[in-house]
Amino acid sequence: MKTMNILVFSLLCCLSSKSVLSSSDHYNAIFNFGDSYSDTGNFLITGALAYPEIKNLPYGETFFHHATGRCSNGRLIIDFIAEAFGLPYLPPYLAVAEGPPVRMGVNFAVAGATAIDASFFSAQNITLWTNDSLNVQLGWFKSLKSSLCTTKQECDEYFKKSLFLVGEIGENDYSFSFLFGRTIEQLRPLVPQIVGAIIRAVSILIEEGAVNLVVPGQLPTGCFSLYLTLFQSANESAYDPKTGCLKAYNALFKYHNNYLKQELQKLREQYPHARVMYADYYGASISIYRTPKFYGFYGGALRACCGGGGPYNYNNSASCGNPGSTACEDPSAFVDWDGIHLTEAAYHFVSKRLFYGGFTSPPLLS
Ligand SMILES: *[C@@H]1O[C@H](CO)[C@@H](O)[C@H](O)[C@H]1NC(C)=O
Ligand SMILES: *[C@@H]1O[C@H](CO)[C@@H](O)[C@H](O)[C@H]1NC(C)=O
Ligand SMILES: *[C@@H]1O[C@H](CO)[C@@H](O)[C@H](O)[C@H]1NC(C)=O
Ligand SMILES: *[C@@H]1O[C@H](CO)[C@@H](O)[C@H](O)[C@H]1NC(C)=O
């Protein structure tokens with residue numbers, strides 16, 4: 001019991017303080033690829049034409065007190081990761097591309113980005129928010145690389161001490177397809193292709209010198225108020241009685257995650273020198289959907305904090321930031337921020353579990 005208490009205490013100590021790291025957990029830099037779950041401003045810099053709401057409050061209201069381009073009220077998982085490693089918040093690539101080299105990390109993520117190239121979707125008349133897919137982001141990394149290091153040896157040394165995050169990415173490949181009328185049955189066969197695009201990006205980064213890589217899976221997106229509203233079912237058996245989430249959608253995201261895990265294992269065998277970590281966003285977050293109040297989310301997990309009415313406070317004609325929508329008083333009591341993104345409090349919860357809850361394998365901290 002005593003050791004348990006000490007263990008619990010030491011966990012609590014580290015959750016609240018900033019970085020208490022062993023020497024092997026020090027990184028020089030973080031490089032991040034992804035979509036709106038980790039974009040710290042790239043999409044905003046491109047004009048955010050498809051989603052101008054993120055230019056204004058209430059986006060950013062809680063932590064930064066102004067809109068930064070983050071699709072939340074405050075910090076994202078990538079921000080908590082940067083804090084934990086004692087590194088600055090990642091600047092968006094498009095803000096630093098022309099300036100002096102940024103040696104402590106850069107964020108290539110773009111809200112709305114897909115894992116598969118944008119042309120794949122336009123060929124099917126699926127209109128995306130952005131063409132800055134994972135491949136475009138990799139191209140940005142390659143052009144930045146020459147400003148960071150020159151010889152192969154120098155680059156290897158530098159990247160050996162860097163942390164790379166590839167994802168979360170892929171959620172938009174599914175969501176935009178659903179919004180344009182595709183069914184779960186139609187998308188299931190696409191899983192290998194979406195995961196394949198992620199795996200390809202990870203192997204390119206390893207070939208470029210990355211050694212420490214985190215590859216997150218999907219969140220239980222069938223719990224998000226946009227999904228619950230737009231893809232609602234009159235059939236009660238469509239809902240998971242434990243959470244109220246849409247079972248078939250979550251099953252697709254679990255299938256994606258399992259497929260990704262299996263492909264990552266192959267990568268580990270192919271590149272034994274690399275530390276390829278799977279981050280289980282689904283597992284790290286699902287308990288807040290089961291017992292939100294137990295974790296302090298008194299507003300529940302399924303209703304958006306910011307929205308324009310309806311059973312889940314998601315209204316497609318008055319989504320967060322638009323006339324007719326309002327933000328809740330206390331976003332820290334909510335899991336769902338705007339229908340499709342989480343609140344800072346929920347991202348913080350997931351981050352703690354990635355660090356200390358065993359939801360990253362192999363573990364992110366040694
Ligand atoms: C896309 O739209 C164009 C023009 O409406 C149409 O000709 C084409 O068949 C559509 N393609 C698909 C894959 O739906
Ligand atoms: C993406 O590229 C296509 C084809 O070049 C273009 O028509 C479209 O406007 C672009 N979309 C965005 C959001 O930039
Ligand atoms: C509800 O869904 C279940 C399981 O998918 C199915 O067996 C049942 O026939 C559906 N009921 C109705 C009324 O559609
Ligand atoms: C959704 O928003 C529209 C536009 O503001 C409004 O007319 C409508 O009543 C809202 N729906 C709900 C369910 O609140």
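Just follow the structure's listing: the first ligand is 1, and inside any ligand the first atom is 1. Bear in mind the structure is a predicted one, so any value in this text is a computation, not a measurement.
A side-chain donor-acceptor contact under 3.5 Å links Asn212 to the backbone of Lys160. Here the side chain of Glu344 pairs a donor or acceptor atom with the backbone of Arg75 at under 3.5 angstrom. With Arg103 contributing its side chain and Leu148 its backbone, the two residues share a donor-acceptor pair below 3.5 Å.
With hydrogens left out, the protein atom closest to atom 14 (O) of ligand 4 is Gly308 O, 3.4 Å, a heavy atom. With hydrogens left out, the protein atom closest to atom 11 (N) of ligand 3 is Asn235 ND2, 2.9 Å, a heavy atom. The protein heavy-atom contact nearest to atom 3 (C) of ligand 3 is Ser237 OG, 3.2 Å. Scanning all protein heavy atoms for the shortest distance to atom 10 (C) of ligand 4 gives Asn315 ND2, 2.4 Å. Counting only heavy atoms of the protein, atom 5 (O) of ligand 4 lies nearest to Ala318 CB, 3.9 Å. Distance from atom 4 (C) of ligand 4 to its nearest protein heavy atom, with residue and atom name: Ser317 O, 4.2 Å.
Residue His341 holds its NE2 atom at 12.0 Å from SG of Cys306, rounded to the nearest 0.5 Å.
A parallel orientation is assigned to the rings of Phe43 and Trp129, their planes being inclined by less than 30° (bins at 30° and 60°).
Protein non-hydrogen atoms do not reach within 4.0 Å of atom 7 (O) of ligand 4.
Residue-ligand proximity, Gly309 to ligand 4, at heavy-atom distances under 4.0 Å covers atoms 14 (O). Counting the atoms of ligand 4 from 1 in the order shown, those under 4.0 Å from a heavy atom of Gly310 are 13 (C), 14 (O). Near Ala123, with a cut-off below 4.0 Å to any heavy atom, the atoms of ligand 1 are 13 (C). Within ligand 1, the atoms closer than 4.0 Å to a non-hydrogen atom of Asn125 are 1 (C), 2 (O), 3 (C), 8 (C), 10 (C), 11 (N), 12 (C), 14 (O), numbered from 1 in the order shown.
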Report task. Walk me through it: do Phe253 and Tyr174 pass the test ring-ring contact (aromatic ring centres under 6.0 Å, His included)? Result -> CA-CA 9 Å; Phe253 293 113; Tyr174 300 105; 5.4 Å; yes
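Checked by atom type, the side-chain pair Tyr271/Glu207 shows a donor-acceptor distance below 3.5 Å.
Counting only heavy atoms from C-beta outward, the side chains of Tyr295 and Arg290 never approach each other to under 4.5 Å.
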